[in-house]
Undergrad: 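Provided herewith is a single structure, encoded as structure tokens, for subsequent inquiry.
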Amino acid sequence: MMMRDTVILRVAVKLLLPVILMFALYVQFHGDYGPGGGFQAGVAVATAIILYGLIFGLRAARQVAPPGVVLAMIPLGVVIFAGTGIASLLLGANYLDYSPFAHDPAHGQHYGILIVEIGVLVTVSSTMLAIFYAFAGRNRELADDETDGADEEV
Amino acid sequence: MTQIASEVIINTVLLLLMVAVVIGIVRLRNLFAVVMLGGIYSFLMATLLVVLDAVDVAMTEAAVGAGISTVLMLSVLGLTQTREAVPAHRPIVPLIVAVLVGAALVHGTGTLPDFGDPNAPSQLHVAPDYIERAPRETGAPNIVTAVLASYRGYDTLGETTVIFTGGIGVLVLLAGGRRRRAAGSGGEDSGVSST
């Protein structure tokens, strides 16, 4: 299943990865204007790192996105989202009403949408990655460079 | 009019291809090929969603359905056998149930409003309100984003929490299995690979 010896795949993936990540950022921050948002950007980021892991090995992917960080990001996104709601409560508005985040309510909505979409991105991308790490870590062919089973936290 | 006709042709071709893929999935016993056909099915579905102007759903389908779940299925195949066992009996009852449910769904579509009908009930309930208010109140030209993240922020927070819960659940299940296997029972190991 590992194809680390295939030059064409390695070069093609190296060329594709920045495009995928740029597309994810575009979908994330252009979500106000075009289709997309945090969920789509999150799965695109996860896809990019999974593709990297498939071609260059699980160990390389774990260096790019360490399992500990990925695990911490799963609840972090929910905290960002829910915390935005608490912030609007503290500013005197209803829960998840973003209007008080700026002088102009429409600008406040804009900022609020950006922040909660980042929360969605963080949780979605890290959940997908953590599940991939968990499955791939059990797979002897995928994790063939993992000689020690002790560090299989995820 | 020609645009509508070409859309009908594109939809028909895509749906026929999806039917062909499903027949292939049902008939094939090689699970590696089945997983690949599942990815192809997801890409066809994503293309169909693009034709239906649901680009964000199409992106999700392509990334999750064709990308991530195909990879997860392949890594599962590394743990199990790659050939499906021939069933001991011919599953007649599930076939009857599937045909009946399919017939009921096809019958039900007859009473649905036309696709994109501006007078459909779903377009007349809260949609005009959102279309009127969203650009003024949120400044977001994409009303879908405004509805998802702002007006229906509670729902999206709930969805994010569901993803969080689902991810944690999968991780706990997989970690529990590994701990039992690490405890060193060979029978457990073979049990894991056969399921």
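Quick note: numbers below take in every heavy atom, side chains included, and nothing from hydrogens, waters or symmetry partners. Below, read A as the first sequence line, B as the second, and so on, with proteins coming before strands; counting in each chain starts at 1. Small disclaimer: the values here were computed from a predicted structure and weren't measured.
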Undergrad: Would you please name every residue forming a salt bridge (Lys or Arg N to Asp or Glu O under 4.0 Å) with B:Asp114, sequence neighbours left out?
TA: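 Counting only residues at least two positions away or on another chain, B:Asp114 forms no salt bridge (Lys or Arg N to Asp or Glu O under 4.0 Å).
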
Undergrad: Checking side chain to side chain contact (heavy atoms under 4.5 Å, CB included) between B:Ile163 and each of A:Val78, A:Val120, A:Thr123, A:Ile74, which is the one that passes?
TA: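 The residue from A:Val78, A:Val120, A:Thr123, A:Ile74 that satisfies side chain to side chain contact (heavy atoms under 4.5 Å, CB included) with B:Ile163 turns out to be A:Thr123.
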
Undergrad: Examine whether an atom of A:Val116 lies under 4.5 Å from a heavy atom of chain B, and if so say whether it belongs to the side chain, the backbone or both; otherwise answer neither.
TA: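 Side chain only.
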
Undergrad: So for B:Tyr154, is it side chain, backbone, both, or neither that comes closer than 4.5 Å to the heavy atoms of chain A?
TA: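 Its backbone and side chain both get close to chain A.
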
Undergrad: Can you see which heavy atom on B:Ile68 is nearest to which on A:Ala46, and at what distance?
TA: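 Between these two residues, the closest heavy atoms are CD1-CB, 4.1 Å.
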
Undergrad: What heavy-atom pair brings A:Ile131 and B:Gly167 nearest, and what distance separates the two atoms?
TA: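 Nearest pair, atom of A:Ile131 first, then B:Gly167: CD1-CA, 4.3 Å.
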
Undergrad: Decide if atom NE2 of A:His30 counts as having more than 12 heavy atoms of other residues, nucleotides or ligands within a radius under 6.0 Å.
TA: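 Yes, the 6.0 Å shell around NE2 holds more than 12 heavy atoms from other groups.
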
Undergrad: Checking B:Val170 against chain A: side chain, backbone, both or neither under 4.5 Å from a heavy atom?
TA: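 It is the side chain, since no backbone atom gets that close.
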
Undergrad: Between A:Tyr98, A:Phe81, A:Tyr33, which shows the greatest number of heavy-atom pairs under 4.5 Å with chain B?
TA: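 Answer, by heavy-atom pair count under 4.5 Å with chain B: A:Phe81.
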
Undergrad: Please look at B:Ile143 and chain A and tell me whether the side chain, the backbone, both or neither of the residue comes under 4.5 angstrom of a heavy atom of that chain.
TA: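 No part of it gets close to chain A.
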
Undergrad: Between B:Leu72 and A:Phe132, what is the shortest heavy-atom contact and its length?
TA: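 For B:Leu72 versus A:Phe132, the nearest heavy atoms are CD2-CA, 3.8 Å.
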
Undergrad: Which atoms form the tightest heavy-atom contact between A:Phe135 and B:Ser75, and what is the distance?
TA: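 That closest heavy-atom pairing would be CB-OG, 3.7 Å.
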
Undergrad: Do the side chains of A:Glu117 and B:Thr145 get nearer than 4.5 Å, heavy atoms only?
TA: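 Counting from C-beta outward, B:Thr145 and A:Glu117 do come under 4.5 Å.
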
Undergrad: Taking atom CG of A:Leu96 and atom OG of B:Ser150, what is their separation to the nearest 0.5 Å?
TA: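 Rounded to the nearest 0.5 Å, the CG-OG separation comes out at 8.5 Å.
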
Undergrad: Please check if the side chain of A:Gln40 supplies one atom and the backbone of B:Thr60 the other of a donor-acceptor pair under 3.5 Å.
TA: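 Not confirmed, A:Gln40 side chain does not pair with B:Thr60 backbone.
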
Undergrad: Quick one: closest heavy-atom pair of B:Leu157 and A:Ala82, and the distance?
TA: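 Where B:Leu157 meets A:Ala82 most closely, the heavy atoms are CD1-N, 3.9 Å.
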
Undergrad: Could you report the tightest heavy-atom contact between A:Ile113 and B:Ala149, atom names first, then the distance?
TA: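 Of all heavy-atom pairs spanning A:Ile113 and B:Ala149, the closest is CG2-CB, 3.7 Å.
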
Undergrad: Report yes if some heavy atom in the side chain of B:Tyr151 is under 4.5 Å from a heavy atom in the side chain of A:Gln109; otherwise report no.
TA: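 Sidechains of A:Gln109 and B:Tyr151: no contact.
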
Undergrad: A:Tyr111 versus chain B, heavy atoms under 4.5 Å apart: side chain, backbone, both or neither?
TA: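 When you check distances to chain B, no heavy atom of A:Tyr111 falls under 4.5 Å.
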
Undergrad: By a 4.5 Å heavy-atom criterion (distance strictly below it), what part of A:Pro105 contacts chain B: side chain, backbone, both, or neither?
TA: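 Contact with chain B: backbone only.
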
